[in-house]
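Just below is one structure, and these are the notes that go with it.
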Amino acid sequence: MNDFFKKIRTIPAIAKFMLNHYSPYRGAGISIDHIDLDDYYIRVKMPLTWRNRNIVGTHFGGSLYSMVDPFYMLILIHHLGNKYIVWDKSASIHFLSPGRDTVYADIRLNAAEIAEIKRLAENHAPVLRHYTLSIVDEAGTRIAEVEKVLYIRRKKPKASVQ
C-alpha cells in the first residue's frame with residue numbers, strides 16, 4: 001500500500017491537490033499555482049490575508065519561508081528516485097521589501113543539475129547543493145531571497161546475506 005501512495009504523489013495533479021490541502025499551507029493561504037515536476041518547475045503563490053499578516057500588516061516571515069520550503073527537495077526526489085537520500089541541510093531568508101499583496105515564487109531546476117548531482121554522488125559521498133530563489137510580488141518587486149542547502153547522497157547498496 002505504501003508504494004501506491006508513493007506512486008500517486010508523483011502524478012502532478014494529485015501532488016498539487018495534496019499540497020494545496022496540506023494543513024500548514026491551507027492555514028497560511030499558500031497554494032501551488034503550477035507544478036510540472038518533469039520540467040523541473042513549481043510556482044507557488046500566497047495572497048496577503050488575516051491568517052498570514054504580521055503585526056505591521058505585511059506578510060509574516062514564517063509564511064514567506066514556508067511557501068518555498070519543500071520544493072527543491074520534492075523536485076530532486078522526483079528526478080533522483082529512491083536510490084538517493086535528499087534532505088534539507090540549512091536555509092536562510094533575507095527580507096528585502098514588505099509584502100503587501102499576493103507573492104509568488106518560482107522554483108526551478110534543470111536536467112543538467114540532476115546529471116551533475118548524479119555524477120558527484122556516484123561514489124556515495126554526500127553532495128551539498130546551494131540554491132537561491134526570490135519571492136516577488138505582483139509588480140515583480142523582490143520581497144525576500146531564500147537560500148537553501150540540500151544534502152544529497154546516493155544510497156549504498158545493501159550488503160547481501162550469504
Side-chain angles (χ1 to χ4, degrees), residues 9-81 84-121 125-153:
R9 288 185 196 125
T10 65
I11 300 169
I14 294 174
K16 181 178 178 179
F17 177 84
M18 291 171 70
L19 287 164
N20 282 338
H21 287 83
Y22 180 52
S23 295
Y25 277 15
R26 285 185 63 143
I30 298 165
S31 64
I32 310 311
D33 205 27
H34 183 77
I35 185 167
D36 187 346
L37 293 175
D38 290 335
D39 201 28
Y40 315 91
Y41 176 69
I42 299 171
R43 183 175 177 85
V44 185
K45 73 177 182 178
M46 181 174 58
L48 181 63
T49 69
W50 66 272
R51 292 180 176 185
N52 58 28
R53 188 173 298 159
N54 64 22
I55 195 166
V56 294
T58 62
H59 275 288
F60 174 64
S63 294
L64 287 168
Y65 176 73
S66 178
M67 76 180 277
V68 300
D69 179 33
F71 296 113
Y72 282 116
M73 198 165 99
L74 181 66
I75 294 170
L76 288 168
I77 288 170
H78 178 76
H79 286 280
L80 294 171
Y84 291 82
I85 296 167
V86 180
W87 285 104
D88 283 325
K89 178 97 172 134
S90 66
S92 64
I93 185 167
H94 305 278
F95 302 106
L96 306 172
S97 184
R100 293 189 171 95
D101 55 14
T102 300
V103 293
Y104 301 87
D106 293 310
I107 298 93
R108 298 179 191 275
L109 290 175
N110 57 49
E113 173 66 4
I114 302 301
E116 178 68 2
I117 289 167
K118 287 180 176 180
R119 185 188 70 74
L120 293 169
V127 175
L128 297 179
R129 299 304 280 177
H130 298 252
Y131 302 109
T132 303
L133 66 97
S134 293
I135 298 172
V136 300
D137 67 12
E138 292 176 324
T141 303
R142 290 177 66 218
I143 303 303
E145 181 179 85
V146 177
E147 297 176 19
K148 295 196 58 112
V149 178
L150 277 84
Y151 168 97
I152 306 152
R153 185 175 57 78

Is any side-chain heavy atom of [X] closer than 4.5 Å to a side-chain heavy atom of [Y]?
| X | Y | value |
| --- | --- | --- |
| Tyr22 | Pro70 | no |
| Glu138 | Tyr104 | yes |
| Arg108 | Ile75 | no |
| Leu76 | Tyr84 | no |
| Val146 | Ile93 | yes |
| Ile143 | His59 | no |
| Tyr72 | Leu133 | yes |
| Ile135 | Met46 | no |

| field | Intermediate values then yes/no, side chain to side chain contact (heavy atoms under 4.5 Å, CB included), Ile107 and Val44 | value | CA-CA 8 Å; Ile107 298 93; Val44 185; 3.9 Å; yes
As an exercise, state the distance from [atom1] of [X] to [atom2] of [Y], rounded to the nearest 0.5 Å.
| X | Y | atom1 | atom2 | answer |
| --- | --- | --- | --- | --- |
| Leu150 | Ile85 | CG | CD1 | 13.0 Å |
| Ile42 | Lys16 | CD1 | NZ | 11.0 Å |
| Phe60 | Leu48 | CZ | CG | 13.0 Å |
| Ile30 | Asn52 | CD1 | CG | 7.5 Å |
| Ile114 | Arg129 | CD1 | CZ | 9.5 Å |
| Leu64 | Asp69 | CG | CG | 12.5 Å |

| task | Report the C-alpha distance between Met18 and Tyr25 in whole Å, list the side-chain angles of each, state the deciding distance to 0.1 Å, and finish with yes or no for side chain to side chain contact (heavy atoms under 4.5 Å, CB included). | result | CA-CA 10 Å; Met18 291 171 70; Tyr25 277 15; over 6 Å; no
Main-chain N/O of [Y] paired with [X] side-chain donor or acceptor, under 3.5 Å:
| X | Y | value |
| --- | --- | --- |
| Ser134 | Val136 | no |
| Lys118 | Leu80 | no |
| Asp106 | Tyr41 | no |

Identify the heavy atoms of [X] and [Y] that sit nearest to each other, and give their distance.
| X | Y | value |
| --- | --- | --- |
| Asp88 | Met73 | N-SD, 3.9 Å |
| Arg26 | Asn20 | CG-O, 3.1 Å |
| Pro47 | Gly29 | CD-O, 3.3 Å |
| Thr141 | Ser97 | CG2-OG, 3.9 Å |
| Tyr65 | Ala91 | OH-CB, 3.3 Å |
| Thr58 | Pro98 | CG2-CB, 3.6 Å |

| query | Do we see a donor-acceptor contact under 3.5 Å between the side chains of His78 and Asp38? | reply |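 Judged by distance alone, the side chains do pair up.
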| said: Applying side chain to side chain contact (heavy atoms under 4.5 Å, CB included) to Glu147 and His94, what does each step give before you reach the verdict? | reply: CA-CA 8 Å; Glu147 297 176 19; His94 305 278; 3.4 Å; yes
| Passes side chain to side chain contact (heavy atoms under 4.5 Å, CB included), Tyr151 versus Leu128? Steps please. | CA-CA 5 Å; Tyr151 168 97; Leu128 297 179; 4.0 Å; yes
| task | Kindly indicate, with the supporting measurements, whether the criterion salt bridge (charged side-chain N to carboxylate O under 4.0 Å, His left out) is fulfilled by Arg100 and Asp137. | result | CA-CA 8 Å; Arg100 293 189 171 95; Asp137 67 12; over 6 Å; no
| message | Classify the ring geometry of Tyr40 against His79: parallel below 30°, tilted from 30° to 60°, perpendicular beyond 60°. | response |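 Because their plane-to-plane angle is under 30°, the rings of Tyr40 and His79 count as parallel.
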